[in-house]
Amino acid sequence: MILLSFSYSRMKITRRSFVLTSLLASAAKMAAQGVASRAVKPQAKPLPSGRPFDAHFVDVARAAGLTFPVIYGEPHNSDYILESVGCGCAFFDYDSDGWMDIFLLSGTRLTGAPPEASNRLYKNNRDGTFTDVTERAGLRDVGWASGVCVGDYNNDGSEDLFCTYFGQNKLYRNNGDGTFTDVTKQAGLSNEVPRWGAGCTFFDYNRDGYLDLFVSNYLQFDLAHIPKPGANSNCNWKGVPVECGPRGLPTGYHSLYRNNGDGTFTDVSQQAGISNLRESYGMTVVAADFDNDGWPDVYVACDSTPSLLLMNNHDGTFREEGVVRGVALSEDGMEQAGMGIGVGDYNLDGALDLFKTHFADDTNGLYRNDGKGNFDDVTLAAKIGVETHYICWGAGMVDLDNDGWPDLFMVTGSVYPQVEAKLPNYPNLTPRAVFRNLGNGTFEELMQEAGPGVAAEHCSRGCAFGDFDNDGDLDILVVNLNEPPSLLRNDLRGSHHWLKLKLMGTKSNRSAIGARVLVRYGRKVQVQEVLSQSSFYSVNDTRLHFGLGPEKIADIEVRWPNGLEEKFKAVAANQLLVLKEGSGIVPGTAWQKAFGSPTI
C-alpha cells in the first residue's frame with residue numbers, strides 16, 4: 001500500500017488522476033519485480049565540454065591519521081539487509097576552535113564485534129592531521145549505527161550529537177570540555193521496543209528557539225523472522241540470491257520530538273500528523289524551508305516507496321505532499337530507492353533544489369524548485385541520466401571549484417558483495433562521481449578528471465562536505481565499509497573567489513539551523529540554508545560556503561529561523577564571516593582567526 005493525500009485544493013483533477021494511475025501501476029509493477037530496480041537505460045553522454053575543472057581531489061586519509069576501518073557486516077557476503085545499509089559521518093567543530101573535526105559512525109558484525117568496531121571522533125590538529133579522541137570524549141560505542149545529526153539542542157554554545165541505531169537511538173550531550181554524555185534516557189528519547197533508526201535532523205519546527213528532532217525509521221527488523229537469501233522474490237536480484245528487503249518486510253514509522261526547553265523532549269508524532277505515515281521505508285532526512293514561507297519543512301528520502309515532503313502548517317502540524325509537489329516518484333511515476341539527498345540552488349534562482357540518489361539501473365533524480373515548493377523532475381534535461389550503473393548513496397549540491405555554480409557529487413557502493421562473482425558488471429567496489437555544473441542547466445559527469453580521490457573504487461555510504469584545512473575550498477569525507485574512510489582534500493587550482501559564513505543564533509536556536517542566506521555576486525544570486533543532516537545520514541560543515549567565481553565582493557541577506565532579516569552590503573571575498581543574530585558581523589572570533597581572516 002502506498003500512502004497518499006489528496007486534500008490539496010491547488011492541484012487540478014487531471015494531475016490527481018495521473019498521479020493515482022501512475023502509483024497504482026507502479027505498485028503492481030514493482031511488486032512483480034521483487035527487489036529488481038527500474039532497469040532504466042542511461043542517456044547518451046554528450047561530447048565533453050573541453051572546459052578545465054579546477055577542483056582536484058586526493059585521498060589523504062592515511063596521512064591525516066584516519067586509519068581505523070568502518071566495520072559494517074562481512075566484507076564479502078551479506079545475509080541480512082541490516083549488514084548492508086551502512087552509516088554516515090559528520091564534519092563538525094566539537095571544541096569550537098574554528099577547525100572542522102570528524103565524527104564517523106560504525107556498525108558491527110553478527111558474529112561479534114571486532115576490536116576496531118566503534119564510532120570514532122577525530123580532533124583536527126590544524127596541520128592536516130587528526131587525533132583519535134574517541135575514548136577521551138566518551139563516544140566509544142558499538143552497535144549498528146545509521147545516521148547522525150548535529151545541533152545545539154540545549155543552546156549552551158556546544159554542538160551536540162544525535163545518532164540513530166538499529167535498536168536504540170542515542171543523544172550525546174556536548175559538555176563543552178571535550179567530553180560527551182549519553183543523555184538519551186534523561187532527555188526522554190528512549191525506545192520502549194527496538195526500532196531501526198535511520199535519518200534524523202534537528203530543526204525548530206515551531207520557531208520557539210529550541211531545536212526539535214525528527215527521526216525516520218527504515219523498517220521493522222527481527223533476525224528470528226527474516227527469510228534467508230533466495231527465499232522469495234524479494235530475496236533475489238537478477239537471478240542471484242541476496243538478502244531480503246526492504247520489500248516484503250514491515251515498514252518503519254517516523255517520529256517527531258518537541259524540545260521542551262529544559263533538556264527534555266516530548267514525542268508529538270501523533271499531534272503533528274507524523275504517526276499516520278506508516279507505509280514508507282524512511283532513510284535520509286532534510287529539514288529546510290522549501291516553499292519559502294519562513295517555516296521549516298521536512299523531506300524524507302524513502303527506499304522502494306514514495307519519498308515524503310512534509311509541509312509545515314505553522315500550527316505544530318504537517319501535511320504530506322510529496323506526490324503532488326513532484327518529489328515522491330520518478331518522472332514516469334515509479335517508486336525509486338531514495339537514499340541520499342543533496343540540497344542547494346543549482347540554477348541560481350534563489351530556491352532550494354533537490355538531488356536524490358538511487359539504486360543501480362536507475363537514474364539519480366534532480367528536482368528543480370519553482371520557489372514555492374513545487375518541483376519539476378529535470379534529471380534528463382540536466383543530463384544527469386547519463387549515469388545509471390551504480391548503487392548511489394551520499395550526495396551533495398556544492399560548489400567544488402568555486403566558480404559560482406553548485407556542482408553535484410555522489411558516492412557509490414554495492415549492497416550485494418556476493419553478486420560480483422556471478423555478475424562482474426556489478427562490482428562491490430565502485431568509483432565516486434562529480435557532475436560539474438556547466439551553468440546552462442546541464443551537468444557534465446567527471447571521474448578521472450576530478451582527481452584520483454574521485455576515481456578510486458570503494459564500497460561507500462555516507463559523505464560530508466567541509467573545509468577541514470581552512471583553505472577556502474570544500475573537501476569531502478567519505479565512509480567506506482570495512483576499510484578506513486576517505487578524506488578527499490581539494491587541491492583547488494585557478495583564481496576563483498569564495499565566501500564562508502558561520503551563523504550564530506540568539507533568539508533563534510544557537511546553531512542557527514534553518515537560517516536562510518541569500519548571496520548576490522555579480523549578476524548571480526544563490527540561496528543556502530543551515531542544515532542538520534543531508535547527503536546520506538551525514539552532516540556537512542555548517543559554515544555555509546559560496547563560490548563567487550571572478551567576483552571580489554558580494555551582498556548578503558540573512559533570514560534567521562525566528563524571522564529576523566539582516567543585510568550586509570559589499571562584503572569582501574575570500575574570508576570567513578561570523579554573523580550573530582541581531583548583532584551583525586562579529587569581529588576577531590576564533591573562527592576568523594582560524595582562517596586568517598581580517599578583523600572586520
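The basis for the numbers below is simple: all heavy atoms, side chains too, and nothing from hydrogens, waters or symmetry mates. This is a predicted model, so every value here is computed, not measured.
Between V525 and L518, some side-chain heavy-atom pair lies under the 4.5 Å cut-off. Side-chain contact between D349 and N369 is absent, with no heavy atoms from C-beta onward closer than 4.5 Å. Y346 is not listed as a side-chain neighbour of L354, based on a closest heavy-atom distance of 4.5 Å or more. Between F318 and L277 there is no side-chain heavy-atom pair separated by less than 4.5 Å. Proximity of N540 to L531: side-chain heavy atoms (C-beta onward) are nowhere separated by under 4.5 Å.
Taking 4.0 Å as the cut-off between side-chain N and carboxylate O, R258 and D208 do not count as a salt-bridged pair. E557 has a carboxylate O that lies under 4.0 Å from a charged side-chain N of R520, or vice versa, which qualifies the two as a salt bridge. With salt bridges taken as basic N to acidic carboxylate O contacts below 4.0 Å, one links R126 and D97.
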- Can you list the steps and then say if N169 with C163 is a side-chain contact (heavy atoms from CB on, under 4.5 Å)? CA-CA 6 Å; N169 303 327; C163 300; over 6 Å; no

- Task: Check the pair L474 / I476 against side-chain contact (heavy atoms from CB on, under 4.5 Å), numbers first and verdict last.
- Result: CA-CA 7 Å; L474 288 176; I476 307 172; 5.9 Å; no

- Query: What do the steps show when you test S118 against D141 for side-chain hydrogen bond (donor to acceptor under 3.5 Å, both in side chains), and what is the final call?
  - Reply: CA-CA 5 Å; S118 172; D141 220 331; over 6 Å; no

- Message: Show, in sequence, the C-alpha distance, side-chain angles and deciding distance for T542 and K502, and conclude whether the side-chain contact (heavy atoms from CB on, under 4.5 Å) test is met.
- Response: CA-CA 7 Å; T542 56; K502 167 71 178 179; 4.2 Å; yes

- Assess whether side-chain hydrogen bond (donor to acceptor under 3.5 Å, both in side chains) is satisfied between R319 and N313, documenting all intermediate values. CA-CA 7 Å; R319 63 191 187 278; N313 291 324; 2.5 Å; yes

- Item | Test side-chain hydrogen bond (donor to acceptor under 3.5 Å, both in side chains) applied to Q220 and Y253, step by step | CA-CA 9 Å; Q220 299 176 51; Y253 56 95; over 6 Å; no

- Query: Given T184 and L171, is the side-chain contact (heavy atoms from CB on, under 4.5 Å) satisfied, shown in steps?
  - Reply: CA-CA 5 Å; T184 310; L171 175 63; 4.3 Å; yes

- Please walk me through it: do N125 and T131 pass side-chain hydrogen bond (donor to acceptor under 3.5 Å, both in side chains)? CA-CA 7 Å; N125 297 326; T131 298; 3.0 Å; yes

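Taking all atoms of both residues into account, the shortest heavy-atom contact from K372 to R325 is O-NH1, 3.1 Å. Taking both residues in full, the closest heavy atoms of N480 and S460 are given as OD1-OG, 2.7 Å, listed atom of the first, atom of the second, then distance. Pairing each heavy atom of S307 with each of A301, the nearest pair is OG-CA, 3.6 Å. Here the shortest heavy-atom pairing between G462 and S538 reads CA-OG, 3.6 Å. Residues S532 and I513 come closest through the heavy atom pair CB-CD1, 3.8 Å. Taking each heavy atom of E529 and G514 in turn, the nearest pair found is OE1-O, 3.8 Å.
Checked by atom type and distance alone, the side chain of N124 never pairs as donor or acceptor with a backbone atom of W99 at under 3.5 Å. When atom types are taken as modelled, the side chain of D93 and the backbone of G98 share a donor-acceptor pair closer than 3.5 angstrom. For D555 (side chain) and K569 (main-chain N/O), no donor-acceptor pair under 3.5 Å exists by modelled atom type. For D399 (side chain) and F546 (main-chain N/O), no donor-acceptor pair under 3.5 Å exists by modelled atom type. Of the possible polar contacts, one joining the W393 side chain to the G413 backbone as a donor-acceptor pair under 3.5 Å is found. Put simply, the side chain of T201 never gets that close to the backbone of F214: no donor and acceptor are under 3.5 Å apart. Within the 3.5 Å criterion, the main-chain N or O of G188 finds no donor-acceptor partner in the side chain of T264. Of the possible polar contacts, one joining the D407 side chain to the L400 backbone as a donor-acceptor pair under 3.5 Å is found. One N or O on the side chain of Q533 and one on the backbone of V285 form a donor-acceptor pair closer than 3.5 Å. Using modelled atom types, no side-chain atom of R516 and backbone atom of Q528 make a donor-acceptor pair closer than 3.5 Å.
Judged purely by distance below 3.5 Å, without hydrogens or angles, the side chains of S280 and H254 pair a donor atom with an acceptor atom. Looking at S511 and E159, their side chains do bring a donor and an acceptor atom within 3.5 Å of each other. In summary, the side chains of N509 and R207 do not present any donor paired with an acceptor at a separation below 3.5 Å, with no hydrogens or angles considered. Of the N and O atoms on the side chains of Q526 and W405, not one donor lies less than 3.5 Å from an acceptor on the other residue. Looking only at atom types and distance, the side chain of R173 has a donor-acceptor partner in the side chain of N175 under 3.5 Å away.
Ring planes of W295 and H314: parallel class, angle under 30° (limits at 30 and 60°). Below 30°, between 30° and 60°, or above 60°: for F91 and F468 the angle between ring planes is below 30°, a parallel geometry. Ring geometry for F202 versus Y153: interplanar angle under 30°, hence parallel rather than tilted (30 to 60°). Between W498 and H545, the two ring planes are parallel [angle under 30°; tilted spans 30° to 60°].
Geometric assessment of K170 against the ring of Y165 yields a positive cation-pi assignment under the 6.0 Å and 45° thresholds. Cation-pi contact between R510 and Y210: absent, since separation from the ring centre below 6.0 Å together with deviation from the ring axis within 45° is not met. A cation-pi arrangement is found for R120 relative to F68, the charged atom lying closer than 6.0 Å to the ring centre and inside a 45° cone about the ring normal.
The salt bridge (charged side-chain N to carboxylate O under 4.0 Å, His left out) test applied to D95 returns K123, not counting sequence neighbours.
Shown here is R140, whose CZ atom has more than 12 heavy atoms of other residues, nucleotides or ligands within 6.0 Å. Around CD of Q270, the count of heavy atoms belonging to other residues, nucleotides or ligands within 6.0 Å does not exceed 12.
Checked against the 6.0 Å centroid criterion, the rings of F465 and F409 qualify as a close aromatic pair. Taking the six-membered ring wherever Trp is involved, the centroid distance between the rings of F221 and F166 falls below 6.0 Å.
Taken from CG in N259 to OH in Y205, the straight-line distance is 10.0 Å, to the nearest 0.5 Å. To the nearest 0.5 Å, atoms OH (Y537) and CE (M339) are separated by 10.0 Å. Taking NE2 from H496 and CG from N402, the interatomic distance works out to 8.0 Å, rounded to the nearest 0.5 Å. Rounded to the nearest 0.5 Å, atoms SG (C200) and OH (Y257) are 11.0 Å apart. A distance of 8.5 Å separates CZ of F290 from OH of Y299, quoted to the nearest 0.5 Å. Annotation: the span from D132 atom CG to T67 atom OG1 amounts to 8.0 Å, rounded to 0.5 Å.
Of the candidates D345, D353, V519, V527 forms a side-chain contact (heavy atoms from CB on, under 4.5 Å) with just one, namely D345.
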